[in-house]
Number of protein chains: 2
Amino acid sequence: MVLTREALALSAFARAPLFAGLGQADLVDLAARFHPHHFARDEALFHEGHRAHAYYLMAEGRVKIIQTSVDGAEVILHLLGPGELVGALPNLDDGTYPGSAIALDDVSALSISPADFEALLELHPRLAINLLHYAAGKLRSVHSRLRELTTERAERRLARTLSRLAAQIGRGVEAGVLLDAPLTRQALAELSGTSLFTVSRTLKEWERQGVLQVGRERVVIVNTHALATLADDLPLPASHPQRPLPHA
Amino acid sequence: MVLTREALALSAFARAPLFAGLGQADLVDLAARFHPHHFARDEALFHEGHRAHAYYLMAEGRVKIIQTSVDGAEVILHLLGPGELVGALPNLDDGTYPGSAIALDDVSALSISPADFEALLELHPRLAINLLHYAAGKLRSVHSRLRELTTERAERRLARTLSRLAAQIGRGVEAGVLLDAPLTRQALAELSGTSLFTVSRTLKEWERQGVLQVGRERVVIVNTHALATLADDLPLPASHPQRPLPHA
DNA sequence: CGGCCTCTTTGCGCCAGCGCAAGGACAGCT
DNA sequence: AGCTGTCCTTGCGCTGGCGCAAAGAGGCCG
């Protein structure tokens with residue numbers, strides 16, 4: 001699907017809660033500072049550690065934000081889709097990209113220079129506040145992942161990752177909820193903090209149990225409820241059925 | 001040490017980069033909306049899941065922000081000290097505390113109601129922007145921890161945790177850098193994503209090597225450089241010396 | 001000074017899940 | 001149809017580090 005520049009901008013702005021509460025005049029002012037770009041699948045919008053030269057507002061497609069460790073292992077920090085801002089948040093800190101952004105699909109995005117962006121923030125207080133709320137949401141979700149990583153087992157983390165993805169990029173299809181992005185086992189491993197092998201084994205097991213349908217770069221959640229159960233109730237192998245919360 | 005209310009407010013405001021760039025008149029306006037509180041060690045400023053009733057600006061002491069998982073395991077998300085804001089950030093999202101805040105010391109803090117706080121943001125755009133930068137920094141550090149947790153081994157994570165703590169709450173003493181907070185092995189475990197046992201063993205080992213001095217709820221970093229080496233260069237047990245980055 | 005409570009150390013067993021290797025399946029291209 | 005490259009599966013061995021239990025070491029208080 002190809003959109004005109006105006007339509008692109010419009011749809012991106014309309015979908016972005018970031019711009020909620022701004023007047024029409026403000027929006028026009030904003031729109032003038034953004035420039036359209038296109039990226040092919042697997043292309044990088046920017047690289048970890050580089051000085052920030054542009055922020056992007058996603059219009060079409062999805063990107064992953066990854067961090068790479070010295071020995072080459074990757075972690076996916078976020079998946080971002082239309083209406084979301086890429087690269088801006090962490091850069092307000094020190095001006096270098098803390099991760100790389102890679103296109104998962106063909107991506108259309110609107111770029112803005114850091115200087116222009118900061119100027120916008122000064123000019124439109126509403127924007128700063130919206131962005132603050134957005135950042136708060138991201139923080140919250142990253143906090144949850146932190147907790148899961150340190151306290152939960154790989155299997156449950158994977159279940160949670162799938163649930164999250166379903167909410168974020170799920171699309172209803174006949175058999176259930178399709179995760180609407182090309183996710184390899186490797187990518188799922190990086191999202192859930194485990195290895196490609198464990199992901200493969202676990203997904204297969206769940207397919208046997210009728211919870212999922214899996215294919216190459218494709219997961220359909222057939223039984224959402226069963227998955228939620230796996231994510232929330234899945235006990236330790238041999239365990240107390242459930243301990244009530246101490247401060248319940 | 002006991003401070004007058006005014007002195008408390010002054011010192012807290014002065015230390016908070018949050019209030020940088022605000023005029024004297026603005027500061028007076030702000031100060032009027034904050035109310036002093038005191039908490040004893042181990043007391044909770046607020047509890048995970050509760051509706052937010054107040055945010056706090058730290059004046060004296062330190063708090064930990066923790067999340068608890070269903071089976072009772074805790075993770076420390078942040079340690080916060082004087083000049084930092086407690087509880088506000090994640091609440092801008094949905095209004096419930098995503099973690100509990102527990103005093104590590106005796107704590108003096110200034111509270112403000114969420115409504116007043118949001119009003120301040122509207123009134124003082126500078127404040128929103130400052131807060132945004134602050135949130136960006138937090139995001140960045142949490143991202144690093146996420147990456148470390150999924151890609152690095154327990155020993156190295158612990159080394160990093162100590163380095164971070166040294167920068168954050170370190171105090172120079174004769175023997176080296178003292179971590180100036182009552183940190184049990186358990187707390188270090190929750191910060192570095194491992195178990196109390198592994199922390200104990202590893203610290204002892206490093207003490208033998210002369211990197212640290214450890215005691216009950218007490219760590220002094222003797223050889224900062226050695227610790228940094230452990231955090232950054234510590235290779236896999238039997239390993240390639242170092243692989244250059246693929247896209248270097 | 002003796003008792004208590006919390007924090008810490010250490011030996012030992014065990015298993016979740018990582019890592020490799022080999023083979024299979026699928027998609028796109030010519 | 002055949003080729004090629006990428007992605008996925010699965011068996012197998014191995015180990016980091018978790019978890020328990022029991023004993024030691026400080027602090028603190030009466």
Side-chain angles (χ1 to χ4, degrees), chain A residues 40-42 69 71-75 102 104 106 148-159 161 179 181-190 192-208 212-220 230 234-240, chain B residues 40-42 69 71-75 102 104 148-159 161 179 181-208 212-220 234-240 243:
Chain A
R41 180 173 174 173
D42 290 335
S69 66
D71 55 352
E74 285 181 5
V75 184
I102 311 286
L104 289 177
D106 281 4
E148 291 165 21
L149 271 175
T150 55
T151 66
E152 281 162 10
R153 340 243 317 292
E155 191 178 356
R156 194 192 266 194
R157 295 201 304 268
L158 180 57
T161 300
L179 300 188
L183 295 169
T184 66
R185 300 289 178 271
Q186 178 64 36
L188 289 173
E190 288 168 18
S192 52
T194 179
S195 74
L196 166 170
F197 309 101
T198 299
V199 170
S200 177
R201 279 183 257 267
T202 308
L203 290 188
K204 262 286 133 117
E205 175 57 27
W206 287 341
E207 184 169 54
R208 254 168 244 128
L212 308 173
Q213 283 175 15
V214 302
R216 187 190 173 91
E217 296 190 344
R218 184 186 160 84
V219 176
V220 179
L230 286 168
L234 200 138
L236 297 174
S239 79
H240 345 269
Chain B
R41 179 172 175 175
D42 290 335
S69 65
D71 54 353
E74 286 181 3
V75 185
I102 312 286
L104 289 177
E148 291 165 20
L149 272 175
T150 55
T151 65
E152 282 163 10
R153 337 244 316 291
E155 191 179 356
R156 193 192 269 195
R157 294 199 305 269
L158 180 56
T161 300
L179 300 187
L183 295 169
T184 65
R185 302 289 178 271
Q186 177 64 36
L188 289 173
E190 288 167 17
L191 280 167
S192 53
T194 178
S195 74
L196 165 171
F197 308 100
T198 299
V199 170
S200 177
R201 278 184 257 269
T202 309
L203 290 189
K204 263 286 134 120
E205 174 59 25
W206 287 341
E207 185 171 53
R208 253 168 243 128
L212 308 173
Q213 283 176 13
V214 302
R216 185 191 172 93
E217 296 190 344
R218 184 185 160 84
V219 176
V220 178
L234 200 139
L236 296 175
S239 77
H240 346 266
R243 201 189 327 168

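As a basis for the values below, the full set of heavy atoms in this structure was taken, side chains included, without hydrogen atoms, waters or symmetry mates. The chains referred to below are lettered A, B, ... by the order of the sequence lines, with proteins before strands, and numbering in each begins at 1.
Under 4.0 angstrom from either OP1 or OP2 of D:dC8 there lies no side-chain N or O belonging to A:S200. When the side-chain nitrogen and oxygen atoms of B:T198 are compared with OP1 and OP2 of D:dC18, one or more of them lie within a distance under 4.0 Å. Distances shorter than 4.0 Å separate none of the side-chain N or O atoms of B:T184 from OP1 or OP2 on C:dC7. Within the 4.0 Å cut-off from OP1 or OP2 of D:dT6, not a single side-chain nitrogen or oxygen of A:R216 is found.
Here the nucleotide nearest the side chain of B:T194, chosen from D:dC7, D:dG17, C:dG19, is D:dG17.
At least one donor-acceptor pair closer than 3.5 Å links the side chain of B:R157 to the backbone N or O of B:E152. Judged by distance alone, with hydrogens and angles left aside, the side-chain atoms of B:R185 form no donor-acceptor pair with the main-chain N or O of B:S200 at under 3.5 Å.
Atom pair A:L196:CG and D:dC8:C1' shows a separation of 8 Å (rounding to whole Å applied). Straight-line distance from the CG atom of A:L203 to the P atom of C:dA25: 18 Å, rounded to whole Å. When the P atom of D:dC18 is taken as reference, atom CG of B:L188 falls 14 Å away, rounded to whole Å. In this structure, A:Q213 atom CD and D:dC8 atom P are separated by 16 Å, rounded to whole Å. A:E155 has its CD atom 14 Å from the C1' atom of C:dC15, to the nearest Å. Straight-line distance from the CG atom of B:D42 to the C1' atom of C:dT6: 11 Å, rounded to whole Å. Atom CZ in A:R218 sits about 19 Å away from atom C1' in D:dT9, given to the nearest Å. Regarding B:K204, its NZ atom lies at a distance of 14 Å from the C1' atom of D:dA23, rounded to whole Å.
Residue-to-nucleotide proximity on DNA chain C shows that, of B:F197 and B:R41, the 5′-proximal contact is made by B:R41.
Contact annotation: side chain of A:R201 to base of C:dG19, donor-acceptor pair present below 3.5 Å. Donor-acceptor pairing under 3.5 Å, judged by distance alone, is absent between the side chain of A:R185 and the base of D:dC7.
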Salt bridge (Lys or Arg N to Asp or Glu O under 4.0 Å) assessment of B:R201 paired with B:E207
CA-CA 10 Å; B:R201 278 184 257 269; B:E207 185 171 53; over 6 Å; no
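Looking at heavy-atom distances under 4.0 Å, B:R208 makes contact with sugar-phosphate atoms alone, never a base.
Counting heavy atoms from C-beta outward, B:R41 and B:P182 have side chains that approach closer than 4.5 Å. Residues B:T194 and B:V199 are in side-chain contact: their nearest non-hydrogen atoms beyond the backbone lie under 4.5 Å apart.
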